[in-house]
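Let me begin by presenting the structure, written as C-alpha cells, before commenting on it.
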Amino acid sequence: QVQLVESGGGLVQAGGSLRLSCAASGRTFSRYAMAWFRQAPGKEREFVSAITWGGSMTNYADSVKGRFTISEDNAKNTVYLQMNSLKPEDTAVYYCAAKKGYGLGFSASLYDYWGQGTQVTVSS
C-alpha cells in the first residue's frame with residue numbers, strides 16, 4: 001500500500017512563499033501520477049497541480065499557473081509544490097494524492113491514495 005505524508009504548510013504573508021513536501025512510502029505502481037489538491041472551508045476540493053512519477057509531464061490549474069511549481073526527487077521519493085507569490089485565496093488544506101497511470105487527471109475521484117493534508121494560511 002502507498003502512504004503519503006504532507007509537510008511544509010504554515011502561515012505566510014501575502015506575496016510570500018512556501019514549499020510543500022509529500023513523502024511517499026510503500027509499494028508503488030509501474031506507472032504513477034502524483035498531484036496536489038486543495039480545499040478551503042465551504043469549497044470543493046480543487047485540483048492544483050500534477051506530475052508523472054519519474055516522467056516529464058506536468059499540469060497546473062489556471063489559478064496557480066506561473067506561481068506554483070511541482071517537482072519530484074526520486075531519490076527521496078518525495079514530490080514538492082513550490083508556492084510563490086501567495087495570495088489569501090490560496091488559503092486551504094493542501095492534499096497530496098497519487099493514482100495509477102501517467103494520466104494527469106483533474107478530478108479528485110481519479111486518485112487512489114491521499115495524504116492527511118497540511119494547512120496553508122496566507123494573511124492579507
Side-chain angles (χ1 to χ4, degrees):
Q1 297 292 317
V2 176
Q3 296 181 6
L4 306 173
V5 179
E6 304 99 331
S7 62
L11 175 64
V12 65
Q13 289 186 325
S17 299
L18 285 173
R19 188 182 72 166
L20 305 184
S21 299
C22 175
S25 62
R27 191 171 181 85
T28 187
F29 306 105
S30 58
R31 295 182 176 180
Y32 220 96
M34 303 288 292
W36 289 95
F37 288 79
R38 66 187 183 186
Q39 188 167 24
K43 293 187 176 181
E44 296 181 347
R45 187 167 299 188
E46 66 173 341
F47 174 83
V48 177
S49 185
I51 187 170
T52 53
W53 185 258
S56 60
M57 295 184 292
T58 60
N59 211 345
Y60 297 91
D62 289 340
S63 60
V64 306
K65 195 172 299 181
R67 299 188 298 120
F68 292 9
T69 303
I70 190 169
S71 62
E72 62 179 8
D73 186 334
N74 290 330
K76 297 181 179 180
N77 293 321
T78 300
V79 174
Y80 302 96
L81 185 68
Q82 179 66 46
M83 306 186 295
N84 299 325
S85 301
L86 283 163
K87 305 174 181 179
E89 51 263 45
D90 295 318
T91 296
V93 177
Y94 283 70
Y95 296 91
C96 180
K99 74 175 190 70
K100 295 179 180 179
Y102 285 154
L104 304 179
F106 296 99
S107 176
S109 65
L110 297 174
Y111 289 81
D112 305 298
Y113 302 96
W114 293 85
Q116 82 288 348
T118 185
Q119 176 71 46
V120 172
T121 302
V122 184
S123 62
S124 300

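- Connection of Tyr80 to Met34 is not established within any shared hydrophobic cluster, with ILVMFWY side chains joined at heavy-atom distances below 4.5 Å, either directly or through further cluster members.
- With Glu6 contributing its side chain and Gln116 its backbone, the two residues share a donor-acceptor pair below 3.5 Å.
- Note on ring orientation: taking the six-membered ring where Trp is involved, the planes of Phe37 and Phe47 are perpendicular (angle over 60°, cut-offs 30° and 60°).
- No more than 12 heavy atoms of other residues, nucleotides or ligands sit less than 6.0 Å from atom CD of Gln13.
- Each of Leu4 and Tyr111 belongs to its own hydrophobic cluster when Ile, Leu, Val, Met, Phe, Trp and Tyr are linked at side-chain heavy-atom distances under 4.5 angstrom.
- For the atom pair OG of Ser49 and CZ of Phe106, the computed distance is 9.5 Å after rounding to the nearest 0.5 Å.
- If you take CH2 on Trp36 and OH on Tyr60, they are separated by 12.5 Å, rounding to the nearest 0.5 Å.
- Both Val48 and Val12 sit in one connected hydrophobic cluster of ILVMFWY residues. Membership requires side-chain heavy atoms under 4.5 Å apart, directly or through other members.
- When all heavy atoms of Thr52 and Glu72 are compared, the closest pair comes out as O-OE1, 3.6 Å.
- Considering only heavy atoms from C-beta on, Gln39 comes within 4.5 Å of Tyr95 through its side chain.
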Return all side-chain donor-acceptor pairs below 3.5 angstrom for residues 16-24, not counting sequence neighbours, or 'none' if the list is empty.
residue : atom : partner : partner atom : Å
Ser17   : OG   : Asn84   : OD1          : 2.9

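- Pairs passing the salt bridge (charged side-chain N to carboxylate O under 4.0 Å, His left out) check and including a residue from residues 45-54, sequence neighbours excluded, read Arg38-Glu46.
- Ion pairing between a basic and an acidic side chain is recognised when a charged N comes within 4.0 Å of a carboxylate O; Lys65 and Asp62 show such pairing.
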Could you go through residues 117-124 and list every donor-acceptor pair under 3.5 Å that involves a side-chain atom there, pairing it with any protein atom two or more places apart or in another chain?
residue : atom : partner : partner atom : Å
Thr118  : OG1  : Gly9    : N            : 3.2
Gln119  : NE2  : Ala92   : O            : 3.4
Gln119  : NE2  : Thr121  : OG1          : 3.3

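- Counting heavy atoms from C-beta on, the side chains of Leu86 and Phe68 come closer than 4.5 Å.
- Panel note: side chain Ser85, backbone Gly15; no donor-acceptor pair is recorded below 3.5 Å.
- The shortest distance between side-chain heavy atoms of Asp90 and Met83 does not fall below 4.5 Å.
- In terms of heavy atoms, Ala33 sits closest to Leu104 at CB-CD2, 4.1 Å.
- Val79 and Val2 fall within a single hydrophobic cluster, where Ile, Leu, Val, Met, Phe, Trp and Tyr are joined by side-chain heavy atoms under 4.5 Å apart, directly or via other members.
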